[in-house]
Colleague: 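There's a structure below that I have some questions on.
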Amino acid sequence: MNERSELTKASRVVVKIGTRVVAEPEGGLNHEFLDQFARQIAELEPQIVVVTSGAVHLGRRALPLRHVDSVSLRQAAAAVGQPELMRHYAQTLADHGLVGAQILLTTEDMSDRSRYLRIRNTVEALLAEGVVPVINENDTVSVEGVTFEENDRLAAVVATTVQADLLIFLSDQPGLFTADPRVDSQAEFVPVVRPGDNISQYAGAAGGAESRGGMMKKIAAARTAMDCGIPVVIADGGEDDVLLRILAGEGLGTLFVAREPMAGRKQWIATVVEPAGEIVVDDGARRALVDKDGSSLLAVGIVAVDGNFQAGDVVTVVTAEGEEVARGLVNYSSEEVKQIQGAHSRQIPEILGHIGDEEVVHRDNMVLTAD
Ligand code: GLU
C-alpha cells in the first residue's frame, strides 16, 4: 500500500507508550518490552521522541493508600513513580548505547507561546545531539481540569510541537475494530482510516470500560494529528519488532492517513492552546469562514461574546447552536468585541476611540475546526 510505504520516509517519529504496554497489569515495569523498544530505537534511522505513561501506576504500588482514588494521591503517586520510570528508561536506553532525557509538561507550559517555542528548541537540541527525549505529563503540578488527562492527547500535541512526520501509539490492542472484537464476532479490523471517514461509531469498540475510553481517546488524538498533517499508526506494542516493521512499511496496526500539513503556528492554535473564550457568529459569518476559503472573522458577523479574554488570546468561534466553526488568535479583548459586535469594520475606530485591526480574527491566525 502506497500510504504505508510513505512511512518508510519518516525522519522524526513520536512513539506513545501506554501504561499497559510499559508495565505489567498487577506488577512493575515490563523490562522485556523496554529492552526490545530501546534496541529498536538504537537500530532505527529516524529520530525518536518517546511519550510514556506509567508514572502513576508505578508510584501507586509504592504507596500504602494505593487503592484510594483522589487527585492528591494520583499526584503523589506520579511523584514517586516518575523517577523510577525515568531511571528504567535511562538505564535501558544506555544498555543500547543511547542517552535519554526527561521532559515533563503541563498544558500551561504549552499554551504559552514563548515557553512552547522554548520546549520545541530544547527538543531540537536534544535530537541534534542524538539524545532520546522521554516525555510525560508533569502530573504532580498539573491543575485539575486543565491537564492533558491522558497521554494520547499529550502525544498528539508533542507530535505537532516537534513537527514529527509520524505518530505511533503502542497499545495493548492491535488497532481499531468496527466493534469490540471480544464480544462481537462480526467485529472487523480497520487497517486504514482516511480523512473524512466516519469512524465515530467504532469508538466504543475494543475492550472493557477502560480500554473503551482508551480507544476513544486515541481516535480523538489521532484526528488531531492527522488534521495537522501527521499520519498515525495504532499498533500492538507486544508485536515483535513493531517499530522496525511499521517503519519498513509493513501493514501493522491501523493507519490514519493525514491531511495536508498545516503551518506550525496554526497547529499550535488548533491543538495546544486552551481557548480563553467564545465568539458567537451568525450564519453569514459561518458561511464566509467555512465556504469562502480565505475570509477573516469581521465584527459585523458577531452576535455575542462569552468569557473574558485579552487581545492575543485564542478563542473558539461558534454558531448560535453551539457548533464550533474555528479557533484563532483574537485581535481585541472580550470587552472590545462586545462593543464592536455587529458593526462594520470602518466604524471600529469611532466606537473604540482608536484605530484597530479590520479583522477580529485574521484568517492567517485561524484554523477551521467545523467537520
Ligand atoms: N501521565 C500518566 C502517568 O504517567 C498517564 C496518563 C495516561 O494514562 O495516559 O502515569
Side-chain angles (χ1 to χ4, degrees), residues 111 153 156 160 193-201 203 216 219-229 258-371:
S111 292
R153 187 162 113 74
T160 64
V193 175
R194 297 202 162 72
D197 283 359
N198 183 6
I199 51 166
S200 48
Q201 77 274 17
M216 271 168 75
I219 289 174
R223 267 201 190 288
T224 301
M226 68 201 275
D227 283 352
C228 291
R259 291 184 195 271
E260 288 299 302
M262 228 186 244
R265 186 182 177 79
K266 288 199 173 188
Q267 291 189 4
W268 179 71
I269 292 169
T271 64
V272 178
V273 190
E274 293 298 324
E278 278 185 358
I279 291 182
V280 186
V281 296
D282 63 18
D283 279 350
R286 182 194 180 281
R287 271 199 305 278
L289 295 182
V290 176
D291 302 337
K292 272 201 274 158
D293 217 25
S295 290
S296 297
L297 175 63
L298 304 179
V300 68
I302 298 175
V303 294
V305 177
D306 194 16
N308 280 317
F309 49 83
Q310 301 303 317
D313 281 347
V314 169
V315 295
T316 320
V317 179
V318 297
T319 63
E321 290 74 41
E323 180 210 2
E324 180 172 326
V325 179
R327 286 177 183 212
L329 288 180
V330 64
N331 288 330
Y332 293 98
S333 71
S334 45
E335 284 314 309
E336 289 170 326
V337 179
K338 275 180 202 157
Q339 292 176 53
I340 61 176
Q341 70 184 47
H344 283 283
S345 301
R346 60 180 140 60
Q347 299 173 294
I348 292 178
E350 195 187 317
I351 299 171
L352 295 181
H354 60 82
I355 308 230
D357 293 283
E358 270 185 39
E359 307 84 9
V360 175
V361 180
H362 193 279
R363 183 62 186 205
D364 291 347
N365 294 324
M366 181 161 49
V367 183
L368 293 181
T369 47
D371 280 334

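Count residues from 1 along the sequence.
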Colleague: Has the side chain of Asp282 got a donor or acceptor atom that lies under 3.5 Å from a matching backbone atom of Gly284?
Modeller: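 The answer is yes, because a donor-acceptor pair under 3.5 Å joins these two groups.
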
Colleague: Between CZ of Arg287 and OG1 of Thr319, what distance do you get to the nearest 0.5 Å?
Modeller: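 Spacing of CZ (Arg287) from OG1 (Thr319) equals 12.5 Å.
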
Colleague: Can you give me the closest heavy-atom contact between Ala156 and Ala221, atom names plus distance?
Modeller: CB-O, 3.5 Å

Colleague: Would you confirm whether Glu350, through its side chain, and Gln347, through its main-chain N or O, come within 3.5 Å as a donor-acceptor pair?
Modeller: no

Colleague: Is a side-chain donor or acceptor of Ser334 paired with a backbone partner of Phe309 at a separation under 3.5 angstrom?
Modeller: yes

Colleague: Are Ile279 and Val330 close enough, and set up right, to give a side-chain contact (heavy atoms from CB on, under 4.5 Å), and what steps lead you there?
Modeller: CA-CA 10 Å; Ile279 291 182; Val330 64; 4.1 Å; yes

Colleague: Provide the closest heavy-atom pair for Asp313 versus Ala276 in the form atom of the first, atom of the second, distance.
Modeller: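 Closest heavy-atom pair between Asp313 and Ala276: OD2-CB, 3.7 Å.
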
Colleague: Would you say that Val281 contacts Val318 through its side chain, given a criterion of any heavy-atom pair below 4.5 Å between the two side chains?
Modeller: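 Result no, sub-4.5 Å side-chain heavy-atom pair not found.
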
Colleague: Output the distance between atom CE (Met226) and atom CD1 (Ile219), rounded to the nearest 0.5 Å.
Modeller: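 Met226 atom CE to Ile219 atom CD1 measures 10.5 Å (nearest 0.5 Å).
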
Colleague: What is the minimum heavy-atom distance between Ser296 and Glu359, and which atoms define it?
Modeller: CB-CG, 3.4 Å

Colleague: Evaluate the side-chain proximity of Val360 to Ile340: yes if any heavy-atom separation is below 4.5 Å, no if none is.
Modeller: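 Sidechains of Val360 and Ile340: in contact.
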
Colleague: Start with the C-alpha distance between Tyr332 and Val305, add both sets of side-chain angles, then the distance that settles side-chain contact (heavy atoms from CB on, under 4.5 Å), and finish with yes or no.
Modeller: CA-CA 12 Å; Tyr332 293 98; Val305 177; over 6 Å; no

Colleague: Tell me if a side-chain donor or acceptor on His344 pairs with a main-chain N or O of Arg346 at a distance below 3.5 Å.
Modeller: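 Here the side-chain-to-backbone pair does not exist.
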
Colleague: Hey, mind stepping through Thr369 and Glu324 against side chain to side chain donor-acceptor pair (under 3.5 Å) and telling me if it holds?
Modeller: CA-CA 7 Å; Thr369 47; Glu324 180 172 326; 2.8 Å; yes

Colleague: Run the numbers on Asn331 and Glu336 for side-chain contact (heavy atoms from CB on, under 4.5 Å), then give the verdict.
Modeller: CA-CA 10 Å; Asn331 288 330; Glu336 289 170 326; over 6 Å; no

Colleague: With rounding to the nearest 0.5 angstrom, report the CG to CG distance, Asp357 to Leu298.
Modeller: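 Reported value, rounded in 0.5 Å steps: 11.5 Å.
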
Colleague: Look at the side chain of Ser295 and the backbone N and O of Ala288, then say whether any donor-acceptor pair between them is shorter than 3.5 Å.
Modeller: yes

Colleague: For Ser111 versus Glu274, what's the shortest heavy-atom pair and its separation?
Modeller: OG-N, 3.5 Å

Colleague: Under the side-chain contact (heavy atoms from CB on, under 4.5 Å) rule, what do Ile302 and Leu297 come out as? Steps first, then yes or no, please.
Modeller: CA-CA 8 Å; Ile302 298 175; Leu297 175 63; 4.3 Å; yes

Colleague: Would you say Leu329 and Ile269 make side-chain contact, with heavy atoms under 4.5 Å?
Modeller: yes

Colleague: When you measure from the side chain of Asp227 to the backbone N and O of Thr224, does any donor-acceptor pair fall under 3.5 Å?
Modeller: no

Colleague: Are the side chains of Arg327 and Lys266 in contact, using a 4.5 Å heavy-atom criterion?
Modeller: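 Result no, sub-4.5 Å side-chain heavy-atom pair not found.
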
Colleague: Are Glu358 and Arg363 close enough for a salt bridge, meaning some N to O gap below 4.0 Å?
Modeller: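 Answer for the salt bridge query: no.
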
Colleague: Do Glu323 and Arg286 touch side chain to side chain, with heavy atoms closer than 4.5 Å?
Modeller: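 Side chain of Glu323 against side chain of Arg286, heavy atoms only: contact under 4.5 Å found.
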
Colleague: Is the shortest side-chain heavy-atom distance between Val317 and Glu278 below 4.5 Å?
Modeller: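 In short, these two side chains do not touch, never coming nearer than 4.5 Å.
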
Colleague: Which pair of heavy atoms, one from Gly229 and one from Ala258, lies closest together, and at what distance?
Modeller: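 Taking Gly229 first and Ala258 second, the nearest heavy atoms are C-CB, 3.4 Å.
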
